[in-house]
Amino acid sequence: MAMLGSINGLLMEGLNGDNGWSLQDYVARGGYVQLRRILDNKITQEEVIAEVKKSVLRGRGGAGFPTGLKWSFMPRSFPGDKYVVCNTDEGEPGTFKDRDIMRYNPHAVIEGMAIAAYAMGANRGYNYVHGEIWEIYKRFEAALDEARAAGFIGQNILGSGFNFELFAHHGYGAYICGEETSLLESIEGKKGQPRFKPPFPASFGLYGKPSTINNTETFAAIPFILNMGGEEFLNLGKPNNGGTKLFSVSGHVNRPGNYEIPLGTPFSTLLEMCGGMRGGRKIKAVIPGGSSAPVIPGAVMMDTTMDYDGISKAGSMLGSGAVIVMDETVCMVKALERLSFFYYEESCGQCTPCREGTAWMYKVVHRIENGLGKPGDLDLLNGVLGNIMGRTICALGDAAALPVQSFLKHFGNEFEYHIEHKSCLVPKDVQWAGSGFHKAPA
């Protein structure tokens, strides 16, 4: 069980441990009250979307796009099927919040999706669950069975005439399927590769029908927003950064886990909640939004607030909310080698700059780490990442290049030392061992 902590928490507040996921427990905590209120009082679609807009809820999967605005793009008068899709393909290294929402509070996701479907005039939904968390998929299926039996999803929900069928779809563990159009391709039974945009999913999505895709945490927040009101939710955070956010904290802290805090909370407060740095060591660097976010030096991060704007000002992005903390024992060359290998392995191969460029970046970083670096390697890396960024169908190319760019920017001296001395700047007797490593690409 991941550690759950909160300051003014919503999504994880009052949960009854591993046994609190059931419909009975969720209803006892006020679950499905908002769905019932909307249907019983015939609250209009426009009113629901307006309340979500007031909350300034931004997408919790990485992009941070305003949720209410995204919902307004759905052509509600379009005849035939329309889809609401939940992205639980949690494959970003360092991220483990969505699986805990699904493990401990799955009915919040179901209610949020049902409300979203009502607001956008959708009649079908899918929750795409990452392929490597099978037990979470089964948990969600069990929650679906409970919700369906109680009349919260299905035909004529609560006697209102509103129909919404919701299904779980088990993915295959491909990182690329976290990209929304690759996810849609995978649900359709195709190879998970991104689509060209436009057309955008709101007009041509799943099975060619209008579709809206949101993250697990985004949907789970909806019942709480409608319960307290959009303005009150916004005021939990700060302007342009409404509400609370789950952060998955890992790395060299004493208590890694998921922590729900108001957006705008200082990073230093979050670090204190995590018990501080492991072994009392100094903080060296933080990746604040999952492995694709640029790394930030520890001293800069200590003066940063945990919100979209604050982290952007510090030179990175909030992303998925995965906070990877590294102490002074970390060799940054070795850390980047591991990240580069991941993106080399996970590139879907559709775009040449990404397919070839991720291999080149990993190959060069790998040889630097293993004492074979050449004087021109840093210029070569900068040239390769420059030929990837902005030249691919989806953002995976940028996701692979941004870590390389930021590691070189902030910790270039360690790479230079490796090349010149064929060894690490961090003394071997204190260096964090890290994980075992892999071959270089042919």
Side-chain angles (χ1 to χ4, degrees), residues 2 59-63 83-103 106 109-110 113 124-145 165-197 201 204-209 211-219 248 290-292 319-320 322 338-351 354-355 358-359 362 392-400 435 438 441:
R60 301 306 200 220
Y83 294 91
V84 168
V85 180
C86 181
N87 186 346
T88 309
D89 189 64
E90 191 172 45
E92 180 83 357
T95 313
F96 44 88
K97 64 183 178 66
D98 292 340
R99 66 197 67 189
D100 267 6
I101 294 172
M102 294 269 285
R103 179 184 284 117
V109 180
I110 295 171
M113 292 188 70
R124 293 182 180 276
Y126 285 91
N127 186 1
Y128 188 96
V129 183
H130 189 66
E132 295 163 356
I133 49 173
W134 174 250
E135 76 282 1
I136 303 298
Y137 172 82
K138 292 193 293 183
R139 169 65 56 86
F140 189 74
E141 283 276 35
L144 277 180
D145 289 343
E165 296 287 355
L166 178 57
F167 309 95
H169 185 97
H170 190 244
Y172 301 96
Y175 175 71
I176 191 64
C177 289
E179 193 278 331
E180 62 179 16
T181 61
S182 301
L183 183 154
L184 297 179
E185 291 285 287
S186 182
I187 293 177
E188 292 179 6
K190 305 171 189 173
K191 183 178 180 179
Q193 289 188 322
R195 299 174 180 175
F196 284 98
K197 292 185 284 191
F204 188 91
L206 189 61
Y207 303 116
K209 304 295 185 181
S211 306
T212 296
I213 304 98
N214 282 124
N215 172 257
T216 315
E217 185 183 354
T218 308
F219 282 123
S248 303
S291 63
S292 59
S320 63
R338 191 65 190 87
L339 292 178
S340 297
F341 181 78
F342 173 80
Y343 289 103
Y344 156 60
E345 285 278 282
E346 292 293 340
S347 174
C348 75
Q350 184 173 196
C351 304
C354 182
R355 182 184 66 245
T358 53
Y362 169 60
T392 55
I393 294 173
C394 80
L396 191 145
D398 284 12
S435 59
H438 309 271

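Everything numeric in this text was worked out from a predicted model, so none of it was measured.
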Side-chain heavy-atom pair Pro201, Lys197 within 4.5 angstrom cut-off: yes
So do Trp134 and Tyr137 actually touch side chain to side chain, heavy atoms under 4.5 Å? yes
Side chain proximity check, Tyr343 to Ser292, heavy atoms < 4.5 angstrom: yes
Within the 4.5 Å heavy-atom criterion, are Glu217 and Ile101 side-chain neighbours or not? yes
Any side-chain heavy-atom pair from Glu188 and Glu185 closer than 4.5 angstrom? yes
Less than 4.5 Å apart, side chain to side chain, heavy atoms only: is that true for Leu144 and Phe167? no
Positive for side-chain contact (heavy atoms from CB on, under 4.5 Å) with Tyr128, one of Thr88, Leu183, Ile213, Thr216: Leu183
When Glu90 is tested against each of His130, Arg99, Lys97 for side chain to side chain donor-acceptor pair (under 3.5 Å), which residue passes? Arg99
State, with a plain yes or no, whether a side-chain heavy atom of Gln350 is found less than 4.5 Å away from one of Ile176. no
Here's a test for you: under side chain to side chain donor-acceptor pair (under 3.5 Å), which of Glu345, Glu92, Glu346 qualifies with Tyr175? Glu92
Over 60° means perpendicular and under 30° means parallel, so tell me whether Tyr172 and His169 are parallel, tilted or perpendicular. perpendicular
Are the charged groups of Asp100 and Arg103 less than 4.0 angstrom apart, N to O? yes
